[in-house]
Novice: 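This is the structure, below, for whatever I ask next.
These numbers come from the heavy atoms of this one structure, side chains and all, not from hydrogens, waters or symmetry mates.
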Amino acid sequence: MYLLLGIGVFIVVAYVFREIVVKGKRCTSTVKLHGKTVIVTGSNTGIGKITAIDLAKRGARVILACRSKQRGEAALEEVKRESGSTQVVFMQLDLGSLKSVRSFAENFLKTESRLDLLINNAGILMQGRTEDGLGMMFGVNHIGHFLLTNLLLDRLKACEPSRVVNLSSVAHNFGKIDFDCLNKHKALGLGTSSTQVFQIYSDSKLCNVLFNHELAKRLQGTKVTCYALHPGAINSELTRNTSFLMKLLFKPINMFFFKNTVQGAQTTLHCALQEGIEPLSGRYFSNCTVRELYPKAKDDAAAKKLWELSEKLCGLA
């Protein structure tokens with residue numbers, strides 16, 4: 001009897017916690033985007049796809065920038081159907097390939113006359129190497145987006161006011177940047193255990209926040225603004241590359257304590273759409289609210305050093 005009572009209390013507490021804390025705030029902007037063009041990376045699944053649907057509903061021309069042609073084309077049909085818009089385009093982009101990033105940017109600049117909003121949404125949680133020999137999470141989560149943003153900056157400036165939205169994670173708080181490892185191995189770390197892989201993921205998310213910090217400094221004097229964010233703990237496909245046991249263990253936690261993809265997209269949409277946040281360029285948001293960062297996440301010297309190293313690694317320097 002007491003066991004059943006205990007289970008019942010746990011379920012009630014978990015439900016209340018989910019309703020009050022987990023679901024979080026919603027983007028309240030009613031801004032329309034007719035005549036605007038948006039790129040959303042990793043928009044064939046999860047919060048990226050939900051973000052694309054919302055922006056398409058607002059009238060934007062939405063570019064789905066995804067690695068998988070098959071999944072990207074399937075998402076294209078779904079986004080069109082759910083949004084009721086025909087102004088949705090799939091363009092192949094593999095953030096783990098510098099050649100692919102350059103090809104995407106070249107194709108986009110030739111075929112699209114505007115870019116008003118760049119949402120660097122894609123991210124992975126897995127160890128390995130990119131085709132350019134970079135650590136996989138460093139290459140995809142940071143370098144790919146770093147190169148993409150830089151290649152498209154002139155178009156963003158030509159269409160200002162415009163925005164760059166960089167998805168990070170609260171995991172950046174656990175991150176560190178080992179510049180010796182980056183210089184020697186072109187990776188944030190070399191370990192393969194679950195703990196080490198999560199550490200490297202956290203490191204890559206710290207890269208996102210430092211990139212956003214330095215980008216804002218370099219955009220001063222323009223009307224291009226940028227924002228980093230934590231979308232919340234999301235019940236999405238980020239863990240699709242983890243073991244079956246890990247997926248099984250996470251399932252009940254996901255059900256009670258993780259946001260669904262609609263809830264998870266709200267802070268992205270807030271940073272992309274909310275009027276009046278331009279003075280907060282370079283800042284970090286969570287739950288549709290600007291948050292303070294630990295000193296390591298707004299370290300001017302580290303952000304500049306990461307930028308300069310990134311330029312060298314992707315051939316911009």
Novice: Determine whether Leu229 and Asn166 make a side-chain contact, defined as any pair of heavy atoms from C-beta on separated by less than 4.5 Å.
Specialist: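 Side chain of Leu229 against side chain of Asn166, heavy atoms only: no contact under 4.5 Å found.
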Novice: Hey, are Arg58 and Asp54 close enough for a salt bridge, meaning a charged N less than 4.0 Å from a carboxylate O?
Specialist: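 Judged by the 4.0 Å cut-off on N to carboxylate O distance, Arg58 and Asp54 do form a salt bridge.
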Novice: Over 60° means perpendicular and under 30° means parallel, so tell me whether Phe174 and Phe198 are parallel, tilted or perpendicular.
Specialist: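 Tilted, since the angle between the ring planes falls between 30° and 60°.
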Novice: So do the side chains of His142 and Ser204 get within less than 4.5 Å of each other, counting heavy atoms only?
Specialist: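 A side-chain contact is absent here, since even the closest heavy-atom pair is not under 4.5 Å.
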Novice: Pick from Val89, Val38, Asn44, Val79: which one makes a side-chain contact (heavy atoms from CB on, under 4.5 Å) with Leu64?
Specialist: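 The side-chain contact (heavy atoms from CB on, under 4.5 Å) with Leu64 is passed solely by Val79 among Val89, Val38, Asn44, Val79.
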Novice: For Phe285 and Arg291: C-alpha separation, side-chain torsions, deciding distance, then whether side chain to side chain contact (heavy atoms under 4.5 Å, CB included) applies.
Specialist: CA-CA 5 Å; Phe285 287 74; Arg291 306 290 187 184; 5.9 Å; no
Novice: A cation-pi test, strictly: NZ or CZ of Lys69 under 6.0 Å from the centre of the six-membered ring of Phe90 and no more than 45 degrees from its axis. Yes or no?
Specialist: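 Cation-pi check for Lys69 and Phe90: fails.
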Novice: Between Glu308 and Lys304, does any NZ, NE, NH1 or NH2 come within less than 4.0 Å of an OD or OE carboxylate oxygen?
Specialist: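 Yes, Lys304 and Glu308 are salt-bridged.
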Novice: Determine whether Val197 and Met137 make a side-chain contact, defined as any pair of heavy atoms from C-beta on separated by less than 4.5 Å.
Specialist: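 Side-chain contact under 4.5 Å: yes.
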Novice: Kindly assign one of parallel, tilted or perpendicular to the pair His172 and Tyr284, based on the angle between their ring planes and the thresholds 30° and 60°.
Specialist: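 If you compare the ring of His172 with that of Tyr284, the planes turn out perpendicular.
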Novice: Tell me which one of Leu280, Val164, Asn120, Val165 satisfies side-chain contact (heavy atoms from CB on, under 4.5 Å) with Cys226.
Specialist: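 The option that passes is Val164.
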Novice: Would you call His185 and Leu190 a side-chain contact if the rule is heavy atoms closer than 4.5 Å?
Specialist: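 Contact flag for His185/Leu190 side chains = yes.
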Novice: Do the non-hydrogen side-chain atoms of Val40 and Leu117 ever get within less than 4.5 Å of each other?
Specialist: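 They are not in side-chain contact.
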Novice: When you look at CZ of Phe179, are more than 12 heavy atoms from neighbouring residues, nucleotides or ligands closer to it than 6.0 Å?
Specialist: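 Yes, because the 6.0 Å sphere around CZ of Phe179 holds more than 12 heavy atoms from other groups.
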Novice: Go through it in stages, so that I can follow the logic: the residues are Lys223 and Glu278, the test is salt bridge (Lys or Arg N to Asp or Glu O under 4.0 Å), and I'd like the CA-CA distance, side-chain angles, deciding distance and then a yes or no.
Specialist: CA-CA 8 Å; Lys223 291 184 179 179; Glu278 290 80 7; over 6 Å; no
Novice: Side chain to side chain donor-acceptor pair (under 3.5 Å) with His145: which of Thr41, Asn208, Asn150?
Specialist: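 It is Thr41, the one option of Thr41, Asn208, Asn150 that forms the side chain to side chain donor-acceptor pair (under 3.5 Å) with His145.
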